[in-house]
Amino acid sequence: MDKTYNPHELEQRWYQRWEESGCFRPTGKGEPYCILLPPPNVTGTLHMGHAFQHTLMDALIRYQRMRGRDTLWQVGVDHAGIATEMVVTRQIEAEGGKRDDLAREDFINRVWQWKQESGSTITRQMRRLGASADWSRERFTMDPDLSEAVTETFVRLHEEGLIYRGPRLVNWDPVLQTAISDLEVVNSDEQGKLWSIRYPRTDGRGDVVVATTRPETLLGDVCVAVHPEDARYRDLVGQTVELPLTGRQIPVVTDEYVDPEFGTGCVKITPAHDFNDWEVGARHGFSPINIFTPTAAINDQAPARYRGLDRFAARERIIADLKLEGLLIEEKPHAMVVPRGDRSGQIIEPYLTDQWFVKMDQLGRLGLDLVESGQVEFVPGNWINTYRHWMENLQDWCISRQLWWGHRIPAWYDEQGKIYVGRSEKELRARYGLSDDRVLRQDNDVLETWFSSALWAHSTLGWPDPKRMASEGFERYLPSSVLITGFDIIFFWVARMIMMTGHFTGKVPFEQVYITGLIRDSHGQKMSKSKGNVLDPIDLIDGIELEQLIDKRTSAMMQPHLAKRIEKTTREEYPNGIPAFGADALRITFTALAGHGRDIKFDLARCEGYRNFLNKLWNATRFTLMNVGQERLPAPTDSQLDTLSRWILSRLSRTITEVDQALADYRFDLATRALYEFVWNEFCDWYLELSKPALYEEAEANDPATALATRHTLARVLETTLRLLHPFVPFVTEEIWQRVRLPAGVEGDSISQMSWPLAQATDTAAEADAEWLKTVISAIRSARTELNLAPGKPMPLLIQGGSEQDHLRLERFGDLIRKLARLERIETVASDFDSAACATALAGELRLLIPLAGLVDVAEELARLNKQLEREQKGMEQVDKKLSNERFVANAPPEVVDKERRRLEEHRNTVSELRKQIQRLASL
RNA sequence: GGGCGAUUAGCUCAGUUGGUUAGAGCGCUGUCUUGACAUGGCAGAGGUCACUAGUUCAAAUCUAGUAUCGCCCACCA
């Protein structure tokens, strides 16, 4: 084995072998365990959030597979309507073409072609990370069978009256020219302006003043509203005012919606371009006046002077005209909320169009019930509040998009505009008796992407086709066990899956939802291209040179002027680029950081620390192999095991229990920590060191049984530990395990197919012995360092006092203490021995004396002892205070009081010992 | 405006139902190339647990309030 752990080569080697062996497929035996991958966008590349979530999913899948569960990790990719259409459109434009020059069918062919070439980036990257998914069952949301599920869903919902089409005000993206759902609108706080405009009264008795942030919409005003109780405007109600620039007269109405405190208390009402105004207009029976074209230019409803101007130009001209007519009273800065499309970043217009909607009242109630009743459980539990709040305030879901790429809506129109919905044109002609000479035209729109991903849980298991459902294991794998995802798609996806799977199958899609935090940079900033702080998980695995990293971060920027600053900070933060940590180090860093309910600041130093940990494991293996050889060792019986071996096996068992518990609670951080501490602080720091003396030649000659037991235990503990670590760091554990399995006496082809270790009974006697030994050795080492005694210099140790058990232990472990604390010899001295010329360390009642023989100055030793004394006294006082409180003694449980009493006793002893020694020393 | 969360060592975080002297990693200090590992060993320094009041024999932990910082949701022109 190499002296240093080198992830690159070994990681390349193992994935392919695993995948080819088919060991990631469900076995069909044992209790099913299933995880659904939230299908990433086909346009996507693996980002830190994916890598994090995939690591958690893979750790669970591998863990449960080892425990004998029948695991299915259902993976797949989403067709991502808008995102994909944008990518391919950009590609066409880069070639000098235009999307609109292509026929719909040709464009769709281009998309499929693009998918063929570039659509598998992310699944390739998942393999690099070690994701043990069943790729033979990988699905794409536009696959024929999933598309069939989509059509079936649409048709059935329509038949049930849960889907309808109608003219409604929707969120319209004038650049992409499609409707989007409420969820796809992000409200951004921006600095705008508020204009006050005068509307003259037609009766000539002055005018009213309205305030608006969108003066161009005035062209579509239908009335002015005031609050019914507003005394100022009582004489105005029922009158009309003149709408500037239009020559129209509009009435004044009263409506509760108006806040008399805001502005002048008069509101212009534009039902076609504002969601509130729509409601107000409807209450008062006004028809909305739409003034925009689909690209948000002024249409023919407006006076000729403004027609054809886009929304921003129209605003400027209207302001100018109002000024000219003396109707503009005031213009002032105004903080406002601007709706923008989450994909395009463009300002969204409320716009009146015909769209398809899913009714949400019934489905929403179902979705809420399934969670409230505990059939779906959120982890951490408080996410239920977020979910509940949203489910209780659901709006109907706008599912149609004016795009080409996606599932085309299964609705056809005849020449009269009558709508027919059906699974296909053929089915529908048969059903409605429409002869072939009747012309039917299919709806041009497609369904939004989330409509198909909402079906992911059951459509990937063959629904609605009974034959496929049987062969794919619909009954067996639904509901899935746990969904691991970020809070950002609780509404987009989690809620909709619960509703759809619940409605169509009567089952829940998953039993638990584990909501992860967001991966941020080491300063807590969200990672984003414009901030230039994005880390690519693949770069952490493979490493990247500084110049390449800068290039990556500053190329293809939306705002090129930021490039310079990004380059500067990148140079400062990564002067040597990023080293190759390997997939395993990245994975275990993620699991170590995965606490509950908190965002994660990703710090490269952590990743480096875990890379070092794997190096430690690697070298512990080298040590083990050097000492146990390559041959299968005979297993000692329990009675042949030495104390230290029993100790480390006991600690190992405790570690197994801890990891099991942590994973049951989704505490990946605690599981990782338990393993880290066991491997480093117990196995490497102590067991390996303590095993060395037993393996020395002369020791082996004296005590061959212990040497053999030690060898076997080394191999056994290491092999078991590798299995415990495997779900977290699959590659390196496989590599090492292949070398360790033989001496450990284990049969199997791959660690990924081995069973999960079971915790054995613990051995508290052995644990107590080992703790005693560690305390004694540490006390001697500490004294030696504090006295500046050369670590290599052999010195004698004198033992004074101590219990019978101390002396029994000294007898048993004397050699070990001598070797590990680098002592020349250990000698017991009588209780009246004058220890004045010695440094003292205490281990319980046992006094450990190091003869100074003029080596150290007395003042230094005095200072050291005084420091200890101070610490002890402080502790003693605290305990004493507690115990002298009558109410504590009376009220606290007896075992707690006893414990405190014992502590007090110990403190007293130590304090008196220290005092004595200080006195002796001072008298010198 | 409503909701959720955070505040513990220089930095990043643990701290399970209240009960040893509040822990770890990174960083820092000293020291050691001892036959697994310098991506290391050994030893150490470092904290009024944001603040205030309360409950309790006992509070980092429970309650109320205050402050600061995040995030989500919401129709104020």
Side-chain angles (χ1 to χ4, degrees), chain A residues 1 3-5 187 194 210-214 217 225 257-259 261-270 274-279 334 336-337 380 382-383 385-386 388-390 393 487-488 490-491 518 522-524 579 585 592-593 595 597-606 608-627 661-662 665 667 669-670 673 676-677 681 684-685 688-689 692 778 781-786 788 790-792 822 871-872 874-876 878-879 882 885-893 895-897 899-900 902-903 906-907:
Chain A
M1 277 176 90
K3 195 172 162 184
T4 309
Y5 156 65
N187 293 314
L194 186 68
V210 300
T212 181
T213 54
R214 306 206 46 201
T217 63
Y257 158 71
V258 181
D259 175 4
E261 305 292 316
F262 187 92
T264 57
C266 298
V267 187
K268 63 191 269 313
I269 300 296
T270 322
D274 183 284
F275 289 100
N276 290 313
D277 291 7
W278 172 268
E279 303 283 328
H334 183 69
M336 54 190 285
V337 178
N382 43 291
W383 285 107
N385 296 317
T386 306
R388 185 185 293 132
H389 181 257
W390 191 68
N393 295 283
F487 63 87
D488 50 330
I490 289 180
F491 307 141
L518 194 72
S522 60
H523 310 289
L593 293 170
R598 222 195 247 242
D599 284 352
I600 287 157
K601 292 179 195 166
F602 191 90
D603 191 348
L604 239 50
R606 288 297 292 266
E608 191 181 346
Y610 285 103
R611 193 268 321 261
N612 295 352
F613 169 67
L614 298 179
N615 185 58
K616 189 79 179 172
L617 181 69
W618 183 264
N619 276 289
T621 306
R622 287 183 64 220
F623 173 84
T624 303
L625 293 176
M626 279 176 198
N627 285 287
Q661 184 58 52
D665 298 336
R667 289 301 303 264
D669 55 337
L670 299 184
R673 188 218 294 239
Y676 183 100
E677 287 180 353
N681 303 342
C684 291
D685 285 352
L688 286 192
E689 294 303 324
K692 284 175 182 173
S778 297
R781 283 171 173 171
S782 180
R784 194 204 268 275
T785 309
E786 280 170 21
N788 294 321
R822 298 175 157 266
R871 214 182 285 167
E872 283 297 323
K874 212 172 121 197
M876 187 171 79
Q878 273 178 8
V879 180
K882 239 187 208 179
N885 180 348
E886 280 169 34
R887 295 198 297 176
F888 170 73
V889 181
N891 290 317
E895 64 270 20
V896 173
V897 179
K899 209 173 177 186
E900 294 297 318
R902 279 199 303 275
R903 279 182 57 208
E906 278 168 30
H907 279 303

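So that the names make sense, note that chain A is the first sequence line, chain B the second, and so on, each numbered from 1.
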Checking all strands, does [X] fall into the base, sugar-phosphate, or nothing category for heavy-atom contacts under 4.0 angstrom?
X        : answer
A/Phe275 : nothing
A/Glu872 : base
A/Leu670 : sugar-phosphate
A/Cys684 : base
A/Glu689 : base
A/Arg611 : base
A/Val258 : base
A/Ala890 : nothing

Spacing of the [atom1] atoms in [M] and [N] (rounded, Å):
N      : M      : atom1 : value
B/rG18 : B/rC62 : C1'   : 8 Å
B/rC37 : B/rC42 : C1'   : 15 Å
B/rG19 : B/rU61 : P     : 10 Å
B/rA9  : B/rA14 : C1'   : 13 Å
B/rA24 : B/rG65 : C1'   : 33 Å
B/rA59 : B/rG15 : C1'   : 14 Å
B/rG30 : B/rA45 : P     : 15 Å

Proximal nucleotide (of [options]) relative to the [X] side chain:
X        : options                : value
A/Thr785 : B/rA43, B/rC4, B/rC37  : B/rA43
A/Ser778 : B/rA43, B/rC42, B/rC37 : B/rA43
A/Lys692 : B/rA74, B/rA36, B/rC72 : B/rA36
A/Asn612 : B/rG40, B/rA36, B/rA74 : B/rG40
A/Arg606 : B/rU12, B/rU39, B/rA36 : B/rU12
A/Thr386 : B/rC72, B/rC37, B/rA77 : B/rC72
A/Arg673 : B/rC71, B/rA24, B/rG19 : B/rA24
A/Asn276 : B/rA36, B/rC75, B/rG5  : B/rC75
A/Ala211 : B/rA77, B/rC4, B/rG25  : B/rA77

Is the closest side-chain heavy-atom distance between [X] and [Y] below 4.5 Å?
X        : Y        : value
A/Tyr5   : A/Leu617 : no
A/Val889 : A/Glu900 : no
A/Thr386 : A/Phe487 : no

* **Polar side-chain atom of A/Asp274 near backbone of A/Thr270 as donor-acceptor pair, under 3.5 Å** => no
* Asked: Is there a donor-acceptor contact under 3.5 Å from the side chain of A/Asn619 to the main chain of A/Thr4?
  ->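 A pair under 3.5 Å: no.
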* **Mutual orientation of the aromatic rings belonging to A/Phe491 and A/Trp390 [parallel < 30°, tilted 30-60°, perpendicular > 60°]** => parallel
Has [X] got a side-chain N or O lying under 4.0 Å from the OP1 or OP2 atom of [N]?
X        : N      : value
A/Arg667 : B/rG15 : yes
A/Lys3   : B/rA38 : yes
A/Lys882 : B/rG19 : no
A/Ser782 : B/rC42 : no
A/Lys601 : B/rU12 : yes
A/Asn891 : B/rC57 : yes

Can you tell me how far [atom2] of [N] sits from [atom1] of [X], to the nearest Å?
X        : N      : atom1 : atom2 : result
A/Arg784 : B/rG44 : CZ    : P     : 14 Å
A/His389 : B/rG1  : NE2   : C1'   : 11 Å
A/Asp665 : B/rG15 : CG    : C1'   : 15 Å
A/Tyr610 : B/rC26 : OH    : C1'   : 10 Å
A/Asp259 : B/rA74 : CG    : P     : 20 Å
A/Glu608 : B/rU12 : CD    : P     : 18 Å
A/Met626 : B/rA36 : CE    : C1'   : 6 Å
A/Tyr257 : B/rA74 : OH    : P     : 16 Å

Is [N] paired to anything, Watson-Crick or G-U wobble with both distances less than 3.5 Å, and if yes, which nucleotide?
N      : answer
B/rC11 : B/rG25
B/rG40 : B/rC32
B/rC69 : B/rG5
B/rU56 : none
B/rC49 : none

* Assess whether atom CD of A/Glu886 is packed by more than 12 heavy atoms of other residues, nucleotides or ligands within 6.0 Å. =>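 Not more than 12 within 6.0 Å, no.
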* To do: Indicate the atoms forming the closest heavy-atom contact of A/Asn615 with A/Lys3, along with that distance.
  =>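 Scanning both residues completely, I find the closest heavy atoms to be OD1-O, 4.3 Å.
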* Residues A/Asp665 and A/Gln661: side-chain donor-acceptor under 3.5 angstrom -> yes
* **Side-chain donor/acceptor contact of A/Glu677 with base of B/rA14 under 3.5 Å** => no
